[in-house]
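Worksheet: the structure to be examined is printed underneath.
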Amino acid sequence: MPYVSSSWVRLPVMLAGAASFVLLGTGAANAHVKWFCAFDVAGQPRGLEQVLCTDFELLTGLALVCLMFGCLAEGTPLGTAILNALDRATAGVRDNSALIVRAVVGFFLVSLWNLGGIILTPELKTDIAWIPWLQLAMAAGLLWKRTLPLTAAGIVFLFGLAVWNYGAFHLADYPVFLGVAAFLALTAFDRTLFGQRPIDVVRIAAAITLMWASVEKWAYPHWTDPLIAAKPAMTMGASPELFMQAAGVIEFTLAFALIWTPLVRRASAIILTAVFVSAILEFGKVDAIGHSGIIAVLIAIAADDARVPATRRDVVLTPVYYASALMLFLGVYYFAHGVLYGSTYGIGASMTGLPVI
């Protein structure tokens with residue numbers, strides 16, 4: 001067996017412990033704020049000059065160090081041993097990952113049918129009577145492989161209906177639904193999408209969803225004020241401002257990690273699963289239903305044993321790609337909001353007349 005330096009063993013344990021401590025506090029922030037608090041998508045987001053402050057730079061710098069360390073460790077005997085252990089531990093899940101996703105998505109759709117008046121996600125309300133019955137029929141379509149494309153088409157249809165009613169900017173929170181639809185259709189036909197396997201397609205969609213959601217935490221930190229007021233312990237003594245910055249950075253970094261090297265993305269999927277499950281313990285049934293689909297996807301990602309050996313080039317390029325992704329999502333979010341809603345990036349839009357979920 002190859003020798004593994006004790007420093008390579010101690011450092012990951014220390015980082016994992018620190019990350020777990022931070023995530024215990026930020027897990028509750030990953031409950032989707034639009035499901036529990038007042039929000040105004042058209043309201044003025046916080047100015048970029050306030051988002052890109054010193055604390056933000058320090059937090060992203062620390063996150064980048066962790067990412068680079070993960071890439072660096074991946075090419076060592078320790079990294080290989082961890083991947084081998086993950087392969088053994090998740091073999092049963094991997095062999096049944098498509099079935100798990102189908103079962104959980106079925107639970108999600110049946111739950112929507114039972115609740116009624118919802119298009120795909122809790123804050124998207126509707127009074128169209130036949131939508132719950134469509135969702136029940138879509139759940140039934142998950143029972144047979146040949147009918148999976150019908151369920152996929154139903155998800156795309158409901159996503160389009162939600163865009164029609166709530167706008168494209170609002171639905172930019174949820175591209176993971178399109179990823180799940182693609183996963184189901186590709187699984188049914190045993191196909192890839194431009195060379196990307198079904199799990200890769202839904203993994204990219206989940207990463208985009210979570211990176212976009214993290215920008216929302218920086219742009220509208222005041223949306224979470226009622227949650228922090230109700231559960232002040234979740235900030236672990238930090239100011240609400242710093243807490244939301246940290247929650248956004250952690251979410252963005254873990255989401256970015258989903259599209260990075262094999263060990264990094266599998267570790268990220270495991271951590272994100274723990275975060276979403278901890279949020280369910282805090283916020284209950286609505287959060288369990290709303291996040292069930294992405295949890296199933298994350299479990300499948302954690303079990304995926306596809307490997308492309310990490311290289312030193314990956315370590316060197318990590319800051320470039322991470323910074324590019326960060327600038328891209330911030331830029332697109334603020335530019336799109338400005339075009340659609342005429343934002344001037346002022347502070348704190350009026351909360352009068354906001355919908356309360």
Test Arg203 against Asp304 for salt bridge (Lys or Arg N to Asp or Glu O under 4.0 Å), laying out the working first.
CA-CA 10 Å; Arg203 175 168 57 83; Asp304 181 29; 5.2 Å; no
Within the structure provided, determine whether [X] and [Y] are in side-chain contact (heavy-atom separation under 4.5 Å).
X	Y	value
Ile294	Leu210	yes
Leu317	Arg313	yes
Val264	Leu258	no
Val51	Tyr334	yes
Glu123	His170	yes
Val93	Ile299	yes

Linking I/L/V/M/F/W/Y whenever any side-chain heavy atoms sit under 4.5 Å apart, do [X] and [Y] land together?
X	Y	result
Leu67	Ile204	yes
Phe189	Leu148	no
Val320	Phe69	no
Phe159	Leu150	no
Ile155	Leu143	no

Look at the rings of [X] and [Y] and say which category their plane angle falls in: under 30° parallel, 30 to 60° tilted, over 60° perpendicular.
X	Y	answer
His337	Tyr341	tilted
Phe329	Phe252	perpendicular
Trp212	Tyr333	tilted
Phe177	Tyr174	tilted

Can you confirm whether the side chains of Thr60 and Tyr322 place a donor and an acceptor under 3.5 Å from each other?
no
Applying side-chain contact (heavy atoms from CB on, under 4.5 Å), run through Ile295 and Leu272 and close with a yes or a no.
CA-CA 8 Å; Ile295 289 172; Leu272 282 166; over 6 Å; no
With side chain to side chain contact (heavy atoms under 4.5 Å, CB included) as the test, pick out the partner of Leu64 among Leu326, Val249, Thr318.
Thr318
Measure the spacing between [atom1] of [X] and [atom2] of [Y] and express it to the nearest 0.5 Å.
X	Y	atom1	atom2	answer
Leu124	Asn165	CG	CG	9.0 Å
Thr151	Gln135	OG1	CD	11.5 Å
Leu330	Leu52	CG	CG	6.0 Å
Leu158	Leu112	CG	CG	9.0 Å
Leu120	Tyr166	CG	OH	11.5 Å
Ile301	Ser268	CD1	OG	8.0 Å

Mind listing the closest non-hydrogen atom pair of [X] and [Y] along with its distance?
X	Y	value
Thr76	Leu72	CG2-O, 3.5 Å
Cys71	Thr261	SG-OG1, 3.9 Å
Ala181	Ala152	O-CB, 3.2 Å
Ala207	Ala255	CB-O, 3.3 Å
Val315	Pro319	O-CD, 3.5 Å
Ile119	Ala162	CG2-CB, 4.0 Å

Apart from Leu193 itself, which Ile, Leu, Val, Met, Phe, Trp or Tyr residues share its cluster (side-chain heavy atoms under 4.5 Å, direct or through members)?
Leu186, Phe194, Val201
Other than Leu136, which residues form its hydrophobic cluster under the rule that side-chain heavy atoms must be closer than 4.5 Å?
Val110, Trp113, Trp133
Evaluate the side-chain contact (heavy atoms from CB on, under 4.5 Å) criterion for residues Thr126 and Ile118: first the C-alpha distance (whole Å), next the side-chain angles of each, then the deciding distance (0.1 Å), finally the verdict.
CA-CA 6 Å; Thr126 181; Ile118 294 174; 5.9 Å; no
What do the steps show when you test Asp87 against Arg307 for salt bridge (Lys or Arg N to Asp or Glu O under 4.0 Å), and what is the final call?
CA-CA 11 Å; Asp87 288 347; Arg307 296 192 196 181; 2.5 Å; yes
Apply side-chain contact (heavy atoms from CB on, under 4.5 Å) to residues Arg197 and Thr187 and explain how you reach the verdict.
CA-CA 9 Å; Arg197 301 169 301 151; Thr187 299; over 6 Å; no
Flag if over 12 foreign heavy atoms under 6.0 Å of CH2, Trp130:
yes
Is it true that Lys145 and Asp190 make a salt bridge, defined as a side-chain N closer than 4.0 Å to a carboxylate O?
yes
Quick check against the 3.5 Å criterion: does [X] have a side-chain atom that pairs as donor or acceptor with the backbone of [Y]?
X	Y	result
Thr147	Gly141	yes
Arg102	Leu142	yes
Arg266	Ala302	yes
Arg265	Trp260	yes
Thr209	Ala205	yes
Glu74	Leu263	yes

As a quick check of understanding, evaluate side-chain contact (heavy atoms from CB on, under 4.5 Å) for Gln245 and Cys53, giving each step before the final call.
CA-CA 10 Å; Gln245 286 176 336; Cys53 61; 3.0 Å; yes
